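Here the structure is laid out as structure tokens; the discussion comes afterwards.
Just so it is clear, the model here is predicted, and its values are computed rather than measured.
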Amino acid sequence: MDPVRLEIFRHLLAAVAEEMGAVLRRTGFSPNIKERRDYSCALFTSDGELVAQAAHIPVHLGALPLSVQACREAFPELKPGDAVLLNDPFRGGTHLPDLTLVSPVFVEGNLLGFVASRAHHADIGGMAPGSMPLSREIFQEGLIIPPVKLMERGRPNRAVWELLLANVRTPDERRGDLRAQLAANERGVRRLQELAATYGLDTLRAAFGALLDYAERLMRTLLQTLPDGTWRFEDALDDDGICEAPLWIRVALTIADDTATIDFSETNPQCAGSLNAVRAITVSAVYYVFRALLGYDVPANAGCLRPLRIVTRPGTLVDARPPAAVAGGNVETSQRIVDVLLGALAQVCPDRIPAASQGTMNNLTIGGFDPRTGRYYAYYETLAGGAGALPDADGTSAVHTHMTNTLNTPVEALEYAYPLRVTHYAIRDGSGGAGRHRGGDGLIREIELLAPAQVTWLTERRRRAPYGLAGGAPGQPGRNLWIHRGEVRQMPGKTSFQAEAGDRIRIETPGGGGWGPPA
């Protein structure tokens, strides 16, 4: 396929995924979907290979192919109008609040491929509102959904809908967000069928293969520009919320000609708490880092992974086995995997790698009974922080970094939807690490509860600061504060407690590391 035609198809397919995301955002029911945009959409070949994606959330997108594979294995004979739902982390999911919906695309009776959407639902049951608890096993985290047909030949599977909605605290919100995912998938199916009608089924399939091959060639070319050798790096998670010992993630990166081996075998065993990541998360993090090295104007698809060999040891933090708790592995361990990979690459190509960013998603969930509506609510948010400084520029302040790519919940939307009031929202000045180029600053957000609620924090970088590079200083660690009856209490990075009306929850997020020695 000639380069011009290939580029046209690249943008056509990416536009389909982006339009799916626009439909999901506009029809979503919860603030987590329509305001924060905590969702991702992508297209796949008939073999389940990622062929195009929207510019959504890296931790979702890199793991989605395993979800599609799980659906293909569970239902090898899918029909037009089917839609398969799953969230099981040990069958292609990430953590339980991320519900994945996979739909086949048929053209004149032939399977062209699949479309998929993944959205973080603000509650999926479990021991705490928001389904991000301090758990010890996955059964405490919410409803586990293996691949099941939510829609069958265009008709709702009522039993599945009723079972799901009976196990969550906010059924109306879940129903609305799932319908939004269905609408997004239907739009993706329709657009791919239109492309097949315009260009022909064989031409579209050829474009899929050509784009995958092109991305593979570009990745191999990149690896050939890097020196051969083996580089090692390690960094630790603060703790798992149950034991105070640090949790080490270790990588050995070996580059040989046009291939790379990324070996996590020396990583700590899986932990008692919820910071265990399934292999899909680790693959996501590796895909994100090496895809970012390629630069912006490159197809984002499974071809990028072909020259990469990812080695994990089952039963470790980066390849957990059931019934391990995994709620935090998706959001926190994924960030540390990125930090470790970038630390190794900083030894390979130091002029291209930033210092550590905040290294956490600062997960905050607040849930309880809303006296205004007479219903339960569950508020979930990940909060931005400082980006690591670059070799040629300061880090950005108050931004989501690496494996997350959401927005914040606007103050107006938050206060409208929940019995909460935002009393303080600002840049955390001076929290970025010093250096020739400074790390970005974190932020401060303080929320007053207008009704009693359960509060859960699942945060990192409260003990171990984000590292600087080339002589740059680390960024400041974050802080979690509970202001109860006028008393300010500094809370652990991972905790859950019952708070009263009038209490305030204050979170100060980490700054990014600096790059180069300070002047």
Side-chain angles (χ1 to χ4, degrees), residues 36-38 40 55-62 94 120 233 235 237-238 249 277 281-282 284-296 300 328-346 352-364 381-409 427-428 431-433 435 437-445 458-462 464-469 472-478 493 507-515:
R36 290 189 60 245
R37 305 186 189 182
D38 197 345
S40 299
H56 290 158
I57 301 173
V59 77
H60 288 173
L61 293 162
T94 47
H120 184 113
F233 196 82
D235 199 355
L237 296 155
D238 294 339
I249 297 175
I281 297 296
T282 304
S284 257
V286 173
Y287 169 65
Y288 161 74
V289 168
F290 281 88
R291 170 66 184 78
L293 273 180
L294 279 174
Y296 176 75
N330 177 62
V331 287
E332 297 303 294
T333 307
S334 66
Q335 297 283 58
R336 195 64 72 256
I337 294 170
V338 169
D339 289 342
V340 168
L341 285 170
L342 291 177
L345 283 167
R352 301 178 64 182
I353 303 300
S357 296
Q358 65 162 339
T360 176
M361 295 193 198
N362 300 297
N363 303 271
L364 172 64
E381 182 142 33
T382 58
L383 295 170
L390 299 160
D392 58 354
D394 292 345
T396 304
S397 296
V399 65
H400 287 278
T401 54
H402 296 319
M403 297 305 285
T404 178
N405 190 28
T406 62
L407 303 179
N408 72 169
T409 305
I427 301 291
R428 188 186 176 200
S431 56
H437 298 290
R438 289 191 56 85
D441 290 330
L443 60 77
I444 300 170
R445 191 160 193 169
L458 186 54
T459 62
E460 265 294 317
R461 292 294 195 196
R462 269 46 184 176
R464 305 181 65 86
Y467 60 77
L469 282 180
Q476 285 189 19
I507 188 164
E508 300 177 359
T509 67
W515 200 97

Which of parallel (below 30°), tilted (30 to 60°) and perpendicular (above 60°) describes H437 and W515?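 Tilted: the ring planes of H437 and W515 meet at 30° to 60°.
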
To the nearest 0.5 angstrom, please state how far the OG1 atom of T382 sits from the CG atom of N362.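 Reported to 0.5 Å precision, the distance equals 8.0 Å.
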
L364 and T459: side chain to side chain contact (heavy atoms under 4.5 Å, CB included), yes or no, with the steps? CA-CA 8 Å; L364 172 64; T459 62; over 6 Å; no

Show, in sequence, the C-alpha distance, side-chain angles and deciding distance for T360 and R462, and conclude whether the side chain to side chain contact (heavy atoms under 4.5 Å, CB included) test is met. CA-CA 9 Å; T360 176; R462 269 46 184 176; 3.8 Å; yes

Whether the side chain of [X] engages the backbone of [Y] through a donor-acceptor N/O pair (distance < 3.5 Å, no angle test) should be reported.
X	Y	value
N408	L383	no
S40	I57	yes
Y467	D235	no
T509	A384	yes

Step by step, work out the side chain to side chain contact (heavy atoms under 4.5 Å, CB included) result for V59 and T404. CA-CA 7 Å; V59 77; T404 178; over 6 Å; no

Over all heavy atoms of both residues, which pair between A387 and S357 is shortest? Give the atoms and the distance, please.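 Shortest heavy-atom contact: CA-OG, 3.4 Å.
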
If I compare all heavy atoms of L469 with all of A346, which pair ends up nearest, and what's the gap?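 So the two residues come closest at CD1-CB, 3.9 Å.
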
Listed by chain and number, what are the ring-ring contact (aromatic ring centres under 6.0 Å, His included) partners of H56, not counting sequence neighbours?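 If we apply the ring-ring contact (aromatic ring centres under 6.0 Å, His included) test to H56, skipping adjacent residues, the hits are Y39.
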
List the steps and the verdict of side chain to side chain contact (heavy atoms under 4.5 Å, CB included) for T406 and R37. CA-CA 6 Å; T406 62; R37 305 186 189 182; 5.7 Å; no

Within residues 334-343 or reaching into it, pairs that qualify as salt bridge (charged side-chain N to carboxylate O under 4.0 Å, His left out) - sequence neighbours excluded: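 Residue pairs with at least one partner in residues 334-343: R336-D339, R336-E460, D339-R461.
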
